[in-house]
Colleague: 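Dropping a structure here in C-alpha cells format, bear with me for questions.
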Amino acid sequence: MSSIVTKRFASGASKLLRTPLYDCHVELGGKMVDYAGFEMPVLYKGQTHVESHNWVRSKVGLFDVSHMLQHKFKGAQPRELLQKITPIDLAYLPINSSSLTVLLNKNGGVIDDCIITKHGENDYYMVTNAGCRTKDVKFIKEEAANFDVDHSTFEGTLLAIQGPEAAGLLQKFTNEDLSKITFGNTKYLKLSSIGADVHLARSGYTGEDGFELSIPSSTPQESQESQNFFRSLIEDYPDLVRPIGLAARDSLRLEAGMCLYGHELAEDITPIEATLTWLIPKSRRDEKNATFNGASKILSQIKDKTLCSKKRIGLLSKGPSPRDGNKLFSEDGKEIGHITSGSPSPTLGGNVAQAYADKLLKSGTKVFFESRGKKREAIVAKMPFVESKFYRG
Ligand SMILES: *[C@@H]1O[C@H](CO)[C@@H](O)[C@H](O)[C@H]1NC(C)=O
Ligand SMILES: *[C@@H]1O[C@H](CO)[C@@H](O)[C@H](O)[C@H]1NC(C)=O
C-alpha cells in the first residue's frame, strides 16, 4: 500500500504533511504547528489548554492521530519477525486483541513504542509514531528480509475518541454493542455515514476510556466521509464533544504516567530502565524463548537491578513546572539525572513530571530540579498520577 494520503495533502510551500482532517482543524480555528513533519493542531479557538484537558477528563475529546503510521504484517512468518523485533508473546495474545510493546535494537534500546494487534495467527496490525517513521520502516525492512513476511504500511484517518462519555457517544453511530468490547480489544465495524469498515480499538493515551478508529481514507470519497464524521461528532453533540490539540494530549498522557518517544524512550534506554518491565512477559524471559533483540542485556537487567544505569521515575511539584532537560539533584546536592517531561497538572493542581534518575527512588523521596538557575523541590511519586479508567467490562 502507498502513502497516497499524505502525498495528496502535502502542502507545497511549507513541505509539512497534512492529515485527511486538516481542513476540519482549520475550520475549527486550530492553531497549527509542525509536529513530526505534520501540520497538527496544538489548541483550538475558544478553548484554553486547561479547558481542553478538563473536557477530556469529564466529557469527550477528539484527537487527530492520523500522523501515526499503520503497518500490516502477513505471510508465513509475521510472528517470528515480530517476536524478534519486540519482546511480545503473540502466542498469548488473543485474536482481535492488542498490546503495547517496543521495537528493540541489538542493545535492547527502544527504537519506538508501538501497539500490535493480532487479527489472525499470520495477520498483525501495528501503529508506530510519526516522528520515528523513517527509521522504523528502514529497521523493519532490514529485519523482515530474514523472514517470509509481507510487510506494508499505510495511512488514513486515525481518530482517538477519549473521555468518560466516549462509549455513549460512539454507540450512537454503530449497531455493534460497544459494552462487549473491553480495553485492548478491537473490531472491524460499520459506523453510520462511513462506507468502508472501520477498525475500532478500545484504547488510548489519556488514561480515560476511549477508542481509536482507523478509517480508510485512500480515496477523496473516503477522506470526505471521515471529515464529515469528525464534523458531525462535534456539530451534533456540542455539549459533549470538543476537538483537542497536542497541548492537552501531552498533559493528559503525563498525568496517566505514559511515555512519549523522544522524551522517556530512546535508543539508549531499555524497557527495564524505562520501568516497563511488564512489557517482557514471563514466557519470554526463558533463555530458549528470549530470541528478541537485546535479550541478553534486558534479561540481565531484570535479574540484577544494579545493571540499570538509570530508571524512569515520576515527580510531583509546586510552583514553576519542571521541563525537559532540567537537571535533577538529590537532597544532598548530587546531580542524579534529568527531567524528560513536565507540565502543570489540571486534574491534581501543581505539576507532574517524569525523569531519569541514576537509580529507582522510593515514593516520597525529596529531590530537586534546576529551572532557570534555581533549585526547586519535587517529590518522587507513583505513576499513573491520575488513576486510569480503562473499560474492563
Ligand atoms: C475477529 O474480528 C473479526 C471482525 O473484526 C471477526 O470477523 C472475527 O470472527 C473475530 N475473530 C475472533 C476469533 O474473535
Ligand atoms: C516459551 O514460549 C512458549 C510460547 O509462548 C510458551 O508456551 C512456553 O511456556 C515458553 N517457555 C517457558 C519456559 O516459559
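When a ligand or atom number is given, it counts from 1 through the structure's own listing order. Just so you know, residue 1 is the first one in the sequence shown, and it goes up from there.
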Colleague: Quick one: look up the protein heavy atom nearest atom 13 (C) of ligand 2 and list residue, atom name and how far away it is.
Modeller: Asp286 CG, 3.3 Å
Colleague: What I want to know is whether Lys187 and ligand 1 share at least one N or O pair that is separated by under 3.5 angstrom.
Modeller: no
Colleague: Among side-chain atoms of Thr291 and Arg284, is any donor-acceptor pair under 3.5 angstrom?
Modeller: yes
Colleague: In terms of residue, atom name and distance, what is the protein heavy atom nearest to atom 5 (O) of ligand 2?
Modeller: Asp89 OD2, 2.7 Å
Colleague: Is the closest side-chain donor-acceptor distance between Ser345 and His53 under 3.5 Å?
Modeller: no
Colleague: How far is atom 10 (C) of ligand 1 from its nearest protein heavy atom, and which residue and atom name does that atom have?
Modeller: Asn96 ND2, 2.4 Å
Colleague: Are a donor atom and an acceptor atom from the side chains of Asn185 and Ser97 found within less than 3.5 Å of each other?
Modeller: yes
Colleague: Going by atom types alone, do Arg231 and Asn228 pair a side-chain donor with an acceptor below 3.5 Å?
Modeller: yes
Colleague: So is Asn289 polar-close to ligand 2, meaning N/O to N/O under 3.5 Å?
Modeller: yes
Colleague: Among protein heavy atoms, which sits nearest to atom 4 (C) of ligand 1, and what does the distance come to when rounded to 0.1 Å?
Modeller: Tyr188 N, 4.1 Å
Colleague: For a side chain to side chain contact (heavy atoms under 4.5 Å, CB included) check, start with the C-alpha distance between Asp123 and Lys72, then their side-chain angles and the critical distance, and finish with the verdict.
Modeller: CA-CA 7 Å; Asp123 185 358; Lys72 265 293 203 183; 2.8 Å; yes
Colleague: Can a side-chain donor-acceptor contact be found between Ser217 and Thr157 if the only test is distance below 3.5 angstrom?
Modeller: yes
Colleague: Which residue holds the protein heavy atom closest to atom 6 (C) of ligand 2, what is that atom called, and what is the gap in Å?
Modeller: Tyr92 OH, 3.9 Å
